[in-house]
Amino acid sequence: MNANAKVLKHSGQTRTMHWLHLIVCILLALTGIGFYWDINWINNLFGGPANASIVHRWSAVIFVLGPLLYILFNFERFSRFVDTISNFTKDDFGWIKTMGGYIPFIKVDEVPPQDKYNAGQKVLGGLIIIGCLLMIITGFPMWVWRGVVAPGFLAFCYNIHFWTSIILILLVLGHFFLAAIHPKSRVEFSAMMIDGYVDADITAEHNEKWYATLKEVE
Amino acid sequence: MSTFTSRDIIHVDPSICKGCDHCTSVCPTRAIHGTIGEKHRIDHRKCVNCGQCLINCPFGAISDLSALDTLVQALNDPNKYVVIQVAPAVRVALGEEFGMQPGTNVKGKMFAALRQLGFDQVYDTEFAADLTIMEEGTELIHRIYNYAGVAGFEESGPLPQFTSCCPAWIKYAEDRYPHILPHISSAKSPQQMFGAIAKTYAAQKLDVDPAKMYSVSVMPCTAKKYECDRPEFIASGYKDVDVVITTRELANLIKQQGIDFRNLNDEEADRLIGSSTGAATIFGVTGGVMEAALRTAYELLSGKTLGKIEFKKVRGLKPIREATVEIPVKDLGVTVPVNVCIVHGLKHVNGIIEDVLAGRSKYHFIEVMNCPGGCINGGGQPIRHEMYA
Ligand code: SF4
Ligand code: SF4
Ligand code: SF4
């Protein structure tokens, strides 16, 4: 592999899936914030709160079906992803301690070597999967069973849905900052958003363990 | 046609409403407008003030018009003689507001608390419920006689007879089915009977000027607030019942005044006339009015006591139950089968009314209560927060 070599990090289907999720997440967050806090200008963007709610609910259907189809068609890739993010080693804890060297006031001599996803991405991935599941589990009765469940249960679902969404929004904002703005980490931006490729030398530095397995295959 | 309401009882606070749309599923009259995500609003022309939306709103966005301030003023006014009546369904729910098990009968503590609050006379509505039952039972007999062609009863109304003690049902009938009104019993509800007696008979007995008497009622029901304001209820020339407060409001008042409810010693209600038969204790549950009135009619017609009435569910329609009672009518020398029916939930009454109006109903006596399970689950009762339906 020469100095200008690139490695394929995210397949076309993964990138499409990520784009789809990004768009519906923005729609869900915007409409949700709009009608939860009665922010008229947001509601009016969608034609009033009732329509914003329709957009919210059908975006939620895409939010569920999109990943479901992706998982069905890419089951192996998804299993590998789950495998990677759930495999938390000493190096991952080391990354967390140093925060990958991305935070200016944490002094770092050396960041431990990382898998295809670094420890931060692993935690994010795990939290997003759990968060999405909670949103789906609570959102379903809020929509479909709203007339038949006990009021106490409905209020409980609204609370979980609300707090999970707040956590997810904060996580996604953090993810956006690191993936698109932070000068050290945004180097992988185009890999997910555009062509799927990352420079080999960046991969060698950021995802040393994964890069090593790629080298072995090579 | 829509009835005239001087004040709207039930309100949605748009700043609290989350647009969850749960309330539209509990409203018996489709009076709530709005879809999921939207602030909901009540069409007061259709609303029967039952408060079912209020006790079921997951976010506490719905409230009822409160007269608590006016009541406190009356209690503090030395020129007012304040009497209070408490409905049967209140005593088994009030304890919940003080952390007791639902269903605990706190009758004795409740009467003690009412005296501490400063009420001059503390009564039990049970006694008036007996009167309502007597009235309804007698009226049923008259209607049966009229139907059988017995001379002297031509003026009595038609069969079937509907019960009249649920004000939500009455408003619904007036709004949606004005032609059914002659079928509804002319008996006042226990609350209004009591109010009328308080300002006439009791005022005279206690030597109190009815103008100074302030009559209060504690009900498990928000529709009773609407009922007490109806212009026809002024037997003494003054409003029969001045204000109605709910079980929840009574609990708030007791808490506001710092009364240690759980540790109160039991007290008895004041007696107006004799004592209650106890028939009215079952008033709070569905079938209670029907059964009590039917027992009265049975005893008057046959001279015997009626055994247990076996109600069975009408197939497919869960909240409708029916029974047939054979009444041996002494005076006529015949046994008359009386078909009775109990409906709870106004959603389920339309078909029954339409059958009556079309002349194809087999029933002779029909009890209609708005709230699921009867007044015990009325819109004025403590709000529960269970996680299961
Ligand atoms: S149940 Fe309460 S919060 Fe939900 S829509 Fe009705 S009023 Fe609003
Ligand atoms: S009070 Fe009863 S009738 Fe009125 S809106 Fe609420 S549920 Fe409907
Ligand atoms: S059933 Fe009882 S509590 Fe409910 S509206 Fe009728 S009278 Fe009131």
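Proteins get letters first, then strands, A, B, ... in listed order; numbering begins at 1 in each.
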Return the option, out of A:S53, A:G152, A:P151, A:G147, with the maximum number of heavy-atom pairs under 4.5 Å with chain B. A:P151
So do the side chains of A:R146 and B:T24 get within less than 4.5 Å of each other, counting heavy atoms only? no
Over 12 non-hydrogen atoms of neighbours within 6.0 angstrom of CD in B:E386: yes
Quick check on A:F162: does its CZ atom have over 12 non-hydrogen neighbours (other residues, nucleotides or ligands) under 6.0 Å away? yes
Measure the spacing between NZ of B:K18 and CZ of A:F35 and express it to the nearest 0.5 Å. 11.0 Å
Backbone of A:A50 reached by a side-chain donor or acceptor of B:T35 within 3.5 Å: no
Which atoms of B:H385 are under 4.5 Å from chain A, going by heavy atoms: the side chain, the backbone, both sets, or neither? backbone
NE2/B:H22 to CH2/A:W145 distance, rounded to the nearest 0.5 angstrom? 14.5 Å
Non-hydrogen side-chain atoms of A:L154 and B:C20 separated by less than 4.5 Å: yes
Stepwise side-chain contact (heavy atoms from CB on, under 4.5 Å) check, B:I36 with A:M142: CA-CA 9 Å; B:I36 186 165; A:M142 284 162 66; 5.9 Å; no
Quick one: are A:Y158 and B:P58 in side-chain contact, heavy atoms under 4.5 Å? no
Measure the spacing between CE of B:M387 and CZ of A:F156 and express it to the nearest 0.5 Å. 4.5 Å
